[in-house]
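Letters A, B, ... are given to chains in the order of the sequence lines, protein chains preceding strands, and every chain is numbered from 1.
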Protein chains: 2
Amino acid sequence: MAVRVRIEDVAEAAGVSMKTVSRVLNREPNVREDTRVRVQAAVDALNYKPHPSARSLAGHKSYLVALLYDNPSPNYLMEVIAGVLDACETQQYNMMMCPLDFGSPTFMNAVESMIAHSQPDGLILTPPITDAPALLKRLDELELAYASISPRKQKQCMGVAIDETRAAFDMMQHLVSLGHRRIGHIKGHPEHGASDWRLQGYRDGLQKAGIPFDPDLVVDGEFSFESGVRGAEKLLQLRERPTAIFAANDDMAAGVIGVALRLGLRVPEDVSVCGFDNTPMSLQIYPPLTTVHQPSRDMGRIAALELLTAIRKRDAGKMLQIPYTLKLRQSTGPLG
Amino acid sequence: MAVRVRIEDVAEAAGVSMKTVSRVLNREPNVREDTRVRVQAAVDALNYKPHPSARSLAGHKSYLVALLYDNPSPNYLMEVIAGVLDACETQQYNMMMCPLDFGSPTFMNAVESMIAHSQPDGLILTPPITDAPALLKRLDELELAYASISPRKQKQCMGVAIDETRAAFDMMQHLVSLGHRRIGHIKGHPEHGASDWRLQGYRDGLQKAGIPFDPDLVVDGEFSFESGVRGAEKLLQLRERPTAIFAANDDMAAGVIGVALRLGLRVPEDVSVCGFDNTPMSLQIYPPLTTVHQPSRDMGRIAALELLTAIRKRDAGKMLQIPYTLKLRQSTGPLG
DNA sequence: CTGTTAGCGCATTCAT
DNA sequence: ATGAATGCGCTAACAG
């Protein structure tokens, strides 16, 4: 490890004081341009890197953001992580991972303990942890900044989301345009806001097409493949079978396709199937799945950038909405 | 955030010096049992948590391990992460994520920069970063501890792996026992040791069954679904079609099944397909995939525990081998 | 615009 | 077995 280059060494090399170096490093004002250049040159020449712990200790900041999650899809989370890391890198921040069990009675204890231990400067919340009232209340008490990704209540907090209801509505328009009128829906996990929004989009789509809502065509799910299987078994064995099934996510849609094939039905000739999320798997099953692409990586990046800005400026940002894309593939087709 | 409880406060409450509290906290010897108890009581009563940065600054340790990865399957990586976090939690360590581009010319720069910035006490390497000679050499220079998960050269380093060759061999035994003799193989990414091992297991399996090796039945792949599709297109259009295909991972196996179905072949009646990794997807496609389960979470945990031990004791551990499991499912069946 | 001083909270000598 | 003094590397508050 050799000997560490310290800020003092840089100061000496540049012929200024430690504090001036500190100012340059932290982009603080009140430094003449030429000294700034001189200091920067010394920093580069010595390949100086601030010691994170020292900076943190003296500055009363941890330079840490915590990413809270509860059993999300690995693909989704990895995208979010990549985005958050993108954002953190630009600002010398670190990210720590915080797997949590949202439903557990010790949920808040786990959070408190993590905060006490790691002292993050801010948190990024992913669904469904975005919607834990006790958590949000406590964070406000602690004056700890947080950004939410796709939270249920979007008016009141900083974060990022897509218009899920409208995306689901668009998907319904697609099915309707193919001639479908008996369209089934498998709901998502009841604890996720996304489930409500997507169901709402389904209903909006029916209404727009003048198709009466039929409760038999809507079944419970919980975003898992298995729940998709169960939902499909119900829907595909109805006396009057739906000609299309809109599952609230891709995993469930994969379950639907599995059941359909097992029952000897062709997809999409006998039944069209679509999902939501555009997971890699959606492209790997046969037939490739029609779905909605949600820019999860961008959402992670944006949430983190908002959070970092809020930490710096000590004031909260807005809820940002960003665009989604429909991916029309082979699992949906015209009414046969 | 109220006022922070410091070690000094605990010392005062317990009627001892800071140093004694420090000793108790760090499980150092030379503390009488009764004072240890008294100090611990004060720690609990005040709900004292050491300040990570202060501890790190004074102790010349970062309490950080870096997890290096390059574009792995999200499912695999999330399992490894969960295991590493499990291990870190028990020892007050933190984990940082380090996505890298192994092939890039700036790979080593990225690593150097990460190390200089974050000063991790150790690294956990995942394939194929386990096999970057320049990296390993540099880590030795820096005397930075690292643990490797499934590295190519297992003799020379600390880490954890399964016996992949034997697992692939077992899978071949399974296919042979079903009556298959024309068995195709789609290789993994050439940069991953796993590709070699699994191919070796394939060859060992052929040899054991007295089946001559046919180069036409082995095609290149790179672990991606698409490469599985390409491989299957070659194999399934051979004049003498294989009756079984062993893909070196699940993603490629999924590609094979897709192609088979597209060509009007039934799985497993017309062609058996198997993979490797037991990804969640392997259970979600139709038919469910026969594969090898690799205990990735355990591997993450074990690698991290080894690393933390090595950091503490300043000496390197061994390469540990842990068990795998064959998952026999519906994508393989008797030769029709 | 720049420098000086103090101290963040802890572990680490070296005493005793 | 325990304690007092010192400093890790940096930023903050103030001084100039």
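The backbone N or O of B:E191 sits less than 3.5 Å from a side-chain atom of B:R152, completing a donor-acceptor pair. With B:S118 contributing its side chain and B:I115 its backbone, the two residues share no donor-acceptor pair below 3.5 Å. With A:S148 contributing its side chain and A:P151 its backbone, the two residues share no donor-acceptor pair below 3.5 Å. Between the side chain of A:N26 and the main chain of A:E28, no donor-acceptor pair closer than 3.5 Å is present. When atom types are taken as modelled, the side chain of B:S73 and the backbone of B:N75 share a donor-acceptor pair closer than 3.5 angstrom.
The two atoms that bring B:Q154 and B:A161 nearest to each other are NE2-CB, 3.4 Å, heavy atoms only.
Side-chain N/O atoms of B:Q40 and B:D44 include a donor and acceptor closer than 3.5 Å. With hydrogens and angles left out, the side-chain atoms of A:Q92 and B:H117 include a donor and acceptor closer than 3.5 Å. There is no side-chain donor-acceptor pair under 3.5 Å between A:S56 and A:S53.
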Just the table, please: protein N/O against nucleotides 7-9 of chain D N/O, every pair under 3.5 Å.
{"residue": "D:dC8", "atom": "O2", "partner": "B:A58", "partner atom": "N", "Å": "3.4"}

* To do: Carefully, step by step, assess B:M97 and B:M95 under the rule side chain to side chain contact (heavy atoms under 4.5 Å, CB included).
  => CA-CA 7 Å; B:M97 310 269 295; B:M95 182 198 72; 3.6 Å; yes
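For the pair A:Y93 and A:L308, the minimum side-chain heavy-atom distance is below 4.5 Å. Between A:M18 and A:R23, the closest side-chain pair of non-hydrogen atoms is not below 4.5 Å. Contact of the B:N47 side chain with the B:V5 side chain is not registered, since no non-hydrogen atoms from C-beta on lie closer than 4.5 Å.
Using a 4.0 Å cut-off between charged side-chain N and carboxylate O, A:D121 and A:K61 make no salt bridge.
For the helix from C:dC1-D:dG16 to C:dT16-D:dA1, the end axes, each set by the C1' atoms of five terminal pairs, are bent relative to each other by 30° (nearest 10°).
Contact check of residues 87-94 of chain A against DNA chain C (heavy atom, cut-off under 4.0 Å) returns no residues at all. DNA chain D is contacted by A:M18, A:K19, A:S22, A:N26 of residues 16-26 of chain A, taking any non-hydrogen atom closer than 4.0 Å. Less than 4.0 Å separates DNA chain D from no heavy atom of any residue of residues 30-47 of chain A.
Taking 4.0 Å as the cutoff to heavy atoms of chain B, we find the contact window on DNA chain C bounded by C:dG9 to C:dT12.
Shown are A:T35, A:D34, A:N30; of these, the side chain to side chain donor-acceptor pair (under 3.5 Å) with A:R32 is made only by A:D34. Among A:I311, A:L305, A:T309, the single residue meeting the side chain to side chain contact (heavy atoms under 4.5 Å, CB included) criterion with A:L307 is A:I311. For the side chain to side chain contact (heavy atoms under 4.5 Å, CB included) with A:L135, the qualifying choice from A:V111, A:L100, A:D140 is A:V111, the only one to do so.
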